[in-house]
Amino acid sequence: MIPVNEAINIVLQHSPKLEVESVALGDALGRVLAEDIVADSDLPPFDRAQMDGYAVRAADVANAPARLRIIGESAAGAGWHQEMKAGETVRIMTGAPVPAGADAVQQVELTREIDGGSQVEILEPVEAGRSIVRRAAEIKAGETVLRASEDINAAMIATPASFGYAQVRVGRRPRVAVMATGSELVNVDKKPGADQIRDSNNYTIAAYASLAGAIVERWPLAGDDTEELKKQIKQAAETSDVLITSGGVSMGVYDFMKTALKELGAEIFFERVALRPGKPTVFARLGNTLVFGLPGNPVSVAVTFNLFARTALRAMQGAKVPGLIEETAVLARAVKGSVDRESYLPAILRTDEKGTLLAEPLKWGGSSDFVAFARATALVNVPAGVGFLEADSIVKIVRMPNCH
Ligand code: AMP
Ligand code: MG
């Protein structure tokens, strides 16, 4: 048995970065940047009005109310490009360039047009600089604004868009083969017979793998038979970067996954992790394909996928932070740990009225209880050797990826 962090390090050591590809910016959400994004222009590219109103010389309106002659109009996309002189003003819209000679914008609410629109009365003074964003005040041309290895999220998509990146370089999406094993399994559209259950792990793994950026291919359910497993593992490995199986890795008489991998000549990097749930997790390589043999229990699948397989998938795409991010929270009720294993217990996160982040471990029936797990938004970490954690203890948590 190896500790969780050691297992994660082994996963990282064996997760090669995939090639880089170009995608249209509109398809880049959720991908990992493989190039720095550099500003190709100043931002704003010109002195920009921040308000609808009148471009003025602050000195002209120091003793407001003051009358100014309207000599033009500067709209977004159609500026007024002459020199504005003393006593003059230009009607200006938000986003429009501020004319040379003006040093402030007075907002329209503090003005009144007179003489049929040929003059305006500025009702209050305005200090120089007001409601103008100076050219390059935000970004200077040539500045690096996003770095390779960052995750492209919705908040950052405006940045490459504004600097002309119609295409962006990103890490290739890993191809993941998903394969549930177990002679008791039937597909979701079948009524389970005596002694059978429906497969859910393929759906869980496919869901989390696609959240991690992978392209998922689902393989037929495999029975507990070494030859059948070997055949299907071999085929799946030939067309995937990562094969993720579930079931068949514990100590039962019919747990043939490790035997199948070994007989195929796979290199096994670890096969038991000091983790609860998820002890019998296997990590191996067959040819160039990484293999994660996850346990069969549905909650163990969710936990081990996100600790290990997700980390590999994101590292392969070049992510700077491939693993789940650790945070701290206050435990909402007491939980039991384990003497020899680190626990990652499903929990719900919420905040109390003081703003404290609380982690409430689910009341669950163990690692097979996928119905309780459906509410989980995080995992609470209990270090190995800590038998019991009282309510109000400060704990380490990781959030579970849940939605695009
Ligand atoms: P195993 O590790 O193969 O012994 O499986 C452990 C438990 O998980 C057993 O109760 C299995 O029936 C259950 N299980 C295994 N595979 C799946 C699956 N694909 N979907 C739902 N439950 C499963
Ligand atoms: Mg099984």
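Whatever order the structure lists them in is the order used to number ligands and atoms, beginning at 1. What you see is a predicted model, and the numbers here were worked out from it, not measured in a lab. Any value given below was found using the heavy atoms of this structure, including those in side chains, with hydrogens, waters and symmetry copies removed.
Side-chain contact, T94 with D52: a donor N or O sits under 3.5 Å from an acceptor N or O.
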N/O to N/O under 3.5 Å, ligand 1 against protein:
from     : atom 1 : to   : atom 2 : distance (Å)
ligand 1 : 2 (O)  : S250 : OG     : 3.3
ligand 1 : 2 (O)  : G296 : N      : 3.3
ligand 1 : 3 (O)  : G248 : N      : 2.9
ligand 1 : 8 (O)  : G296 : O      : 3.2
ligand 1 : 8 (O)  : N297 : N      : 3.3
ligand 1 : 12 (O) : E184 : OE2    : 2.6
ligand 1 : 14 (N) : G296 : O      : 3.3
ligand 1 : 16 (N) : N201 : ND2    : 3.4
ligand 1 : 19 (N) : D199 : OD1    : 2.7
ligand 1 : 19 (N) : N201 : ND2    : 3.3
ligand 1 : 20 (N) : S200 : N      : 3.0
ligand 1 : 20 (N) : N201 : N      : 3.4

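E127 CD: more than 12 foreign heavy atoms inside a 6.0 Å radius.
Residues meeting the salt bridge (Lys or Arg N to Asp or Glu O under 4.0 Å) test with R173, sequence neighbours left out: none. Residues passing the salt bridge (Lys or Arg N to Asp or Glu O under 4.0 Å) test with E21, sequence neighbours excluded: R31.
The aromatic rings of F283 and F292 sit parallel to each other, their planes meeting at less than 30°, with 60° as the upper class boundary.
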Pairs under 3.5 angstrom only: tabulate donor-acceptor contacts from the side chains of residues 151-163 to other protein residues two or more places apart or in another chain.
from : atom 1 : to   : atom 2 : distance (Å)
D151 : OD1    : R314 : NH1    : 3.0
D151 : OD1    : R314 : NH2    : 3.4
D151 : OD2    : R314 : NH2    : 3.0
N153 : OD1    : A155 : N      : 3.1
N153 : OD1    : M156 : N      : 2.9
S162 : OG     : A158 : O      : 2.8

